[in-house]
Amino acid sequence: MTENNPKKIAVWLINKIKTSGILPRSEVLPQVESNFGPKYITITQKGNKTLNKAVQTNFRELKDESIYWNVGKQAWISKINGQDSDRKDKTVEQPPSLPTAVKVQNVPDNAPVDHPSLYLNRELGWLDFNWRVLYQAMDTRNPLLERVRFIAITASNLDEFVQKRIGGLKRQEAAGVNDLSPDGRTPDTQIELVQQQTDTMLQKISEVWEHRLRPKIAQEASIKISNYDELNEEQINELNDYFDDHIYSTLTPLAVDPGHPFPFISNLSLSLAVKLRHPNKEVASSFARVKIPSNQPRWLNVNSESYAFYYVPIEEVIRQNIHKLFPGMNVQSTCVFRITRNADLRRNEEEAEDLLSMISDELRERRFAEVVRMEIEEDVEEKVLALLKNELHLTEKDITYVDGLLNLTACFTIANKNLPSLRYNKWNPVIPKPLYHDGEKEDRPNIFDTIKKGDLLVHHPYESFSGSVRRLIEEAADDPNVLAIKQTLYRTSDDSPIVKALVRAAEKDKQVAVLVEVKARFDEASNIEWGKMLENAGVHVAYGLVGLKTHAKVALIVRREGDKHVTYCHIGTGNYHIHTAEIYTDLGLITSDPDLGYDVTNLFHYLTGYAPDQQYRKLLVAPNKLRESFYKLIDNEIAIANEGNDGRIIAKMNALDDVGIIQKLYEASRAGVNIDLIVRGHSRLRPHLEGYSNNINVISIIGRFLEHDRIYYFGNDGDPETYIGSGDWRHRNLDERVEALVPINLPALKKRITVILKKALKDNRLAWDMHPDGTYTQRRPAKGRKEYNFHDMMMKDARKRAFS
């Protein structure tokens, strides 16, 4: 009998991999030890088992290219046996089908343009947008951890929708508002439809996570999200010890009885409902609520020899140890639940003496606002459910029963794992070529010299926000010739370098004025803190206008140059936020155009002083004359079409719901104007309706970057007029917010905008075509045809501009 040796062991392993197609790391040592004994296993200095070096050396030398190590699966893979999962995942599968939330109505003959059947419901249309986001989690063409990220995004989006939109509809219903939406529905009818659809969506989110992604990340990423019944004794003891040492003392069990009123439950927090009984007393069951601590990790790490990452949800660890909180009582049942509170609290700003104080009061009230939804595990006991419904004032329609984990926004943590092969290829934004410099040389041109040579158009995240907009504000703060900086802040990051630069400028005795919008939903508290910090540094801070949100994205710099004062401006589509600038697509114009400097100066006079009738030379400003300007631009295309020429409109935006604009677009379509709309989110407009919108196409683009820029292109009979800015074609942007749109006049920049729009319309990977009934179909290239991915095309173009 031939004696075993390291080479023989290596050959045996290679054949084993080729025969089975896959050999997980966790099975290598047990199989070698089982078949050849412990002779070829060694112990490392850390006490871990591993193959001895001789076996490892022979294995590396003898294996061929058909065998490779898969980091995600933590396994050796053989391509020979068809087990190449990477190749398999690239196979285009049949796209999964999606539900449709919108409910269309038949259009009567000769219906006027304000007939409800010509409009889709805004709330249901938003849910259809979120279905398209959820689809990204289902699409096997996307990297695995990005699919997990889209689960978290979908869940987070839905939370915000329930707080704002269902909350808003319930507020209207409670106030007795019976006004019809443009599609002819009352608030109570909309609530019923929306609650049905959100329930369906939440169930689907759970199903995709539990039955598709959760098993998939265990298999391919070696990330195991475990149930307690899957743990071995050593792991259970490890978690029990963690509970005793780190969790037990932070928990506060709150009983409900005549001496203990039902406790306050915070918005979007996880809780355990506990049903208890005293073993020696013939009394009814007792109830207690235990809040899952939000200052602990959601996923608790456990040692494992089988997986690189092994987690147990914290609520399961608490559930398994819950008896320790109630000594002397029998725990009869436990159930995880989560509530969502109304975030649509509105006050009369006209009557407020102090806008900042009013918003602060609203934030306090929001903590105690009515509950509009409860998510709960589907096996909840009837008596526990009845108590929760009664105490939280809920009806059955307000409750969603979930078969799986609640609050999947926690999946962001999983998606952020450093496993590059399972994520999008990293994109590093390029610095625009005119602003590129090697290091921080003292003699490099300052940014103002560069801007004077010609307007700059920056496109984030393809081009660097830090290397352009941030640099502009920081250089202005440090430049001794800069006299004043003015800026709007709608949302910004916690560690904002923009705010630090503004503080630094004020400390250097520059005139600094900032409009901090304290009504930016869910950022109110953060913006109030920023405002106070800026005020303490000597910055002139305004906190918004009564009755209007300031949504414009503008910055103004006044610089002394010789005996002149020269203005420099940034006018953009996105927030001054260094983190969202990495994932939101936004455009910005950096210019020294004196007319735009005049306009932005006047805009800030309007924002910080009293100038309701302010005039502008080039800037389009809402609510001043933005609606009127758009009507004129559309009417011009109608007139061109009526003369037999080519009327053309291309518009790119986040959402479309303004009835006046839609009616104008229907009119333009009837006149023969060719209209393409790129609308990421919801659209009230129905495309391709005979006699109304035959010439209107609508697409939605969903991908790795969130489409956030707003572009408006009007053909103007061969001399296009092009605008970018902060406002969508929505009622709130045109009439209830301060918005700013800037014309793009330089031919080279106008051409760039046109290329962006054309490439968006060409996309056949991320784009969805909208149909008259409100449904969407994702574009897919025909067999053998080239794939056009808008985001990939934009990254390629950015590199080409920067390095050519």
Side-chain angles (χ1 to χ4, degrees), residues 427-437 444-476 485 487-488 490-493 496-498 501 552-557 567-593 596-597 600 619 652 705-712 722-726 740-757 759-760 790-791 793-804:
W427 169 250
N428 293 311
V430 300
I431 296 175
K433 193 171 184 179
L435 298 176
Y436 184 79
H437 56 84
R444 83 178 195 273
N446 66 51
I447 196 168
F448 303 106
D449 290 340
T450 303
I451 298 168
K452 279 188 289 189
K453 294 176 182 177
D455 291 356
L456 301 176
L457 182 70
V458 288
H459 195 188
H460 317 302
Y462 311 109
E463 293 172 315
S464 170
F465 178 85
S466 291
S468 55
V469 180
R470 174 180 171 182
R471 179 183 165 190
L472 172 67
I473 303 302
E474 290 182 333
E475 283 198 23
I485 304 173
Q487 189 166 1
T488 60
Y490 189 76
R491 301 186 198 278
T492 192
S493 54
S496 173
I498 299 291
K553 325 295 184 184
V554 292
L556 172 71
I557 295 160
T567 55
Y568 296 85
C569 307
H570 171 264
I571 305 156
T573 69
N575 297 306
Y576 296 101
H577 194 304
I578 59 170
H579 301 309
T580 59
E582 295 177 350
I583 54 174
Y584 286 23
T585 70
D586 276 304
L587 287 160
L589 182 72
I590 302 175
T591 179
S592 61
D593 182 325
L596 288 173
V600 175
L619 215 58
K652 184 174 187 291
F705 301 128
L706 184 141
E707 293 296 319
H708 192 253
D709 42 15
R710 290 90 166 179
I711 307 172
Y712 301 96
T722 306
Y723 296 84
I724 65 169
S726 58
L741 275 75
V742 62
I744 304 298
N745 292 325
L746 286 183
L749 301 188
K750 191 180 290 190
K751 183 179 179 181
R752 266 189 69 189
I753 294 290
T754 304
V755 168
I756 291 170
L757 293 172
K759 291 193 173 182
F790 179 52
H791 293 164
M793 289 189 282
M794 290 295 97
M795 287 187 280
K796 183 178 179 181
D797 284 358
R799 287 194 198 97
K800 185 177 179 180
R801 280 194 307 276
F803 303 120
S804 62

Hey, are D797 and K800 close enough for a salt bridge, meaning a charged N less than 4.0 Å from a carboxylate O?
no
Residues E463, R471: salt bridge by 4.0 Å N-O rule
no
Between [atom1] of [X] and [atom2] of [Y], what distance do you get to the nearest 0.5 Å?
| X | Y | atom1 | atom2 | result |
| --- | --- | --- | --- | --- |
| T591 | I451 | OG1 | CD1 | 8.0 Å |
| F448 | I590 | CZ | CD1 | 10.0 Å |
| L596 | T567 | CG | OG1 | 8.5 Å |
| Y568 | L472 | OH | CG | 10.0 Å |
| L757 | R752 | CG | CZ | 12.0 Å |
| R801 | K433 | CZ | NZ | 11.5 Å |

Just by modelled atom types, is the [Y] backbone N or O under 3.5 Å from a matching donor or acceptor in the [X] side chain?
| X | Y | result |
| --- | --- | --- |
| T450 | L435 | no |
| T722 | I744 | no |
| W427 | P461 | yes |
| T488 | A552 | yes |
| E474 | A501 | no |

Looking at side-chain heavy atoms only, is the closest gap between [X] and [Y] below 4.5 Å?
| X | Y | value |
| --- | --- | --- |
| E707 | F790 | yes |
| L619 | V742 | yes |
| L741 | I571 | no |
| L749 | D455 | yes |
| D449 | N446 | yes |
| H570 | L589 | no |
| I724 | L457 | yes |
| Y584 | F705 | no |

Mind listing the closest non-hydrogen atom pair of [X] and [Y] along with its distance?
| X | Y | answer |
| --- | --- | --- |
| A798 | V430 | O-CG2, 3.6 Å |
| A555 | Y576 | N-OH, 3.3 Å |
| I498 | Q487 | CG2-NE2, 3.5 Å |
| V458 | S468 | CG1-CB, 3.8 Å |
| K750 | N745 | CE-O, 4.1 Å |

Would you sort out whether T585 and Y462 count as a side-chain contact (heavy atoms from CB on, under 4.5 Å), showing the intermediate values?
CA-CA 8 Å; T585 70; Y462 311 109; 3.7 Å; yes
As a test of understanding, state which of H459, H460, H708 forms a side chain to side chain donor-acceptor pair (under 3.5 Å) with D586.
H708
Side-chain donor-acceptor contact under 3.5 Å, T573 with D709
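The answer is no; no qualifying pair exists.
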Pair K553, N575: side-chain N/O donor-acceptor within cut-off below 3.5 Å
yes
Does atom NZ of K452 have more than 12 heavy-atom neighbours from other groups under 6.0 Å away?
yes
